[in-house]
Amino acid sequence: MDDLARGRDTRATLRAACSDPRSLLVVEPLRYALDLRPDWIALEEVPAVAPLFEHTAHLLAGIGYSTWTGVLNAADFGVAQTRRRVFLIASRTRPALPPEPTHADGGTCPNLFGTGLPPWLTMGDVLGCLPSEVITRGNHTTGGSRFPTTGPSWTLTGRARSWLLKVGSRPTATRRRLDQPASTLLFGKAMSHVAWIDADGTPIRRLAVEEAAVLQGFPARYPWAGSRTKQFEQIGNAVPAPLAAAVLRPLVPAALEVAA
């Protein structure tokens, strides 16, 4: 990366030393930026890439870009998923600033400076009430009453339990209730391990494509392409739409207004 910033392309030499030729793809965003000098840049990756983004931002600042890097939680921007990703934003024409959250864990109270933020959206908020059974036995392992969500019930208490979304195959896999946001949705090889389970841990069914799209901030009928596996890969690799809009709005406000 430093060589590219100095005008020296050493990729051919480095490629011979790489066990995986794809390793050099990490420098491509910087190469494009140096060659094309776009007005703005926005990159997103898993949090482990933060040091690389920070170094890239340093090099971009050296050629006149305003830059910001940091980790954002999708749940803070109206997505029913606590997906954390690192972002790099840069601009030649505007200050590069982090987006202002639209939601907060538990919400915030109004004060002299604003009306406060609403709480994070839950899976129940965006998916509605799934056709399932609710169990009213609370934390006990046996007994209690069961009734369908599609019909009338006995009196409910705060300990009534229903479906949970499990992400992962290990015993310690994350499980979230419908009154919580989803954890980070992981697909690809783990696609079959993102599934609904009941309160006893019994598998019910896999997460549907439409449900995954909604939890990623897209319309249920968004036109993903290809097989079911490919559609899940596209969803899992996408930046949640509300988060992408929040990040880009300060950089390209006019374009986003037209798109809206």
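Worth knowing before you read on, the calculation uses all heavy atoms, side chains too, and leaves out hydrogens, waters and symmetry mates. Numbers for residues simply follow the sequence, beginning at 1.
In this structure, Leu52 CG and Leu88 CG are separated by 9.0 Å, a value rounded to the nearest 0.5 Å. With rounding to the nearest 0.5 Å, the separation of OG in Ser183 from CE in Met123 is 7.5 Å. Atom OG1 of Thr56 and atom CG of Leu43 lie 7.5 Å apart (nearest 0.5 Å). One distance of note links CZ of Phe232 with CH2 of Trp224; it measures 11.0 Å at 0.5 Å rounding. Interatomic distance, Phe87 CZ to Leu72 CG, rounded to the nearest 0.5 Å: 5.5 Å. Atom CD in Glu54 sits 12.5 Å away from atom CG in Leu59 (nearest 0.5 Å).
Of the charged side-chain nitrogens involved, at least one lies within less than 4.0 Å of a carboxylate oxygen, so that Arg205 and Glu211 count as a salt-bridged pair.
Considering every non-hydrogen atom in both Gly217 and Ala241, the closest pair reads O-CB, 3.5 Å. Among all heavy-atom pairs drawn from Phe53 and Glu45, the shortest one is CZ-CB, 3.8 Å. For Leu185 against Ala212, the heavy-atom pair with the smallest separation is CD1-O, 4.1 Å. Taking every heavy atom of both residues into account, Ala246 and Pro250 meet most closely at O-CD, 3.3 Å. In plain terms, the two heavy atoms of Ser66 and Ala96 that are nearest each other are OG-N, 2.8 Å. Scanning all heavy atoms of the two residues, the minimum distance from Thr67 to Ala61 falls at CG2-N, 4.2 Å.
For the pair Val209 and Gln231, the minimum side-chain heavy-atom distance is below 4.5 Å. Counting only heavy atoms from C-beta outward, the side chains of Asn73 and Thr82 approach each other to under 4.5 Å. Side-chain contact between Leu165 and Leu215 is present, with at least one heavy-atom pair separated by less than 4.5 Å. In this structure, Trp40 and Leu248 have side chains that are in contact, with non-hydrogen atoms separated by less than 4.5 Å. Residues Pro47 and Arg85 meet the side-chain proximity criterion, which asks for heavy atoms closer than 4.5 Å. You'll find the side chain of Gln180 stays beyond 4.5 Å of the side chain of Thr122, heavy atoms only. Side chains of Leu117 and Thr102 form no contact here, defined as non-hydrogen atoms less than 4.5 Å apart. Residues Phe187 and Thr229 have side chains not in contact (no heavy-atom distance under 4.5 Å, counting atoms from C-beta outward).
Looking at Leu30, Ile89, Leu60 one by one, the single match for side-chain contact (heavy atoms from CB on, under 4.5 Å) with Ile41 turns out to be Leu60.
Under a hydrophobic-cluster definition in which Ile, Leu, Val, Met, Phe, Trp and Tyr are linked whenever side-chain heavy atoms come within less than 4.5 Å, directly or via other members, Val79 and Val71 are assigned to different clusters. By the rule that hydrophobic residues join a cluster once side-chain heavy atoms approach within less than 4.5 Å of another member, Phe218 and Trp120 end up as members of separate clusters. The cluster map of Ile, Leu, Val, Met, Phe, Trp and Tyr, joined by side-chain heavy atoms under 4.5 Å apart, puts Val167 and Trp163 in the same cluster. Under the 4.5 Å side-chain heavy-atom criterion for Ile, Leu, Val, Met, Phe, Trp and Tyr, Phe77 and Leu97 are members of distinct hydrophobic clusters.
The backbone N or O of Leu121 lies less than 3.5 Å from no partner atom in the side chain of Asp125, so there is not a single donor-acceptor pair. Under the 3.5 Å distance criterion, the side-chain polar atoms of Gln81 are left unmatched by any main-chain donor or acceptor of Pro181. Using modelled atom types, no side-chain atom of Gln216 and backbone atom of Ala213 make a donor-acceptor pair closer than 3.5 Å. Looking at Asp198, its side chain does come within 3.5 Å of a backbone N or O of Asp200 through a donor-acceptor pair.
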message: Using the rule given for side chain to side chain contact (heavy atoms under 4.5 Å, CB included), can you reason through His103 versus Asp76, listing the C-alpha separation, both sets of side-chain angles and the distance that settles it, and then say yes or no?
response: CA-CA 5 Å; His103 295 69; Asp76 289 334; 5.6 Å; no
- prompt: Step by step, would you call Arg228 with Glu233 a side chain to side chain contact (heavy atoms under 4.5 Å, CB included)?
  reply: CA-CA 9 Å; Arg228 183 176 182 273; Glu233 288 180 3; over 6 Å; no
Tell me which donor-acceptor pairs under 3.5 Å the side chains of residues 32-39 have, and how far apart each pair is, sequence neighbours excluded?
from, atom 1, to, atom 2, distance (Å)
Arg37, NE, Leu34, O, 3.0
Asp39, OD1, Arg92, NH2, 3.4

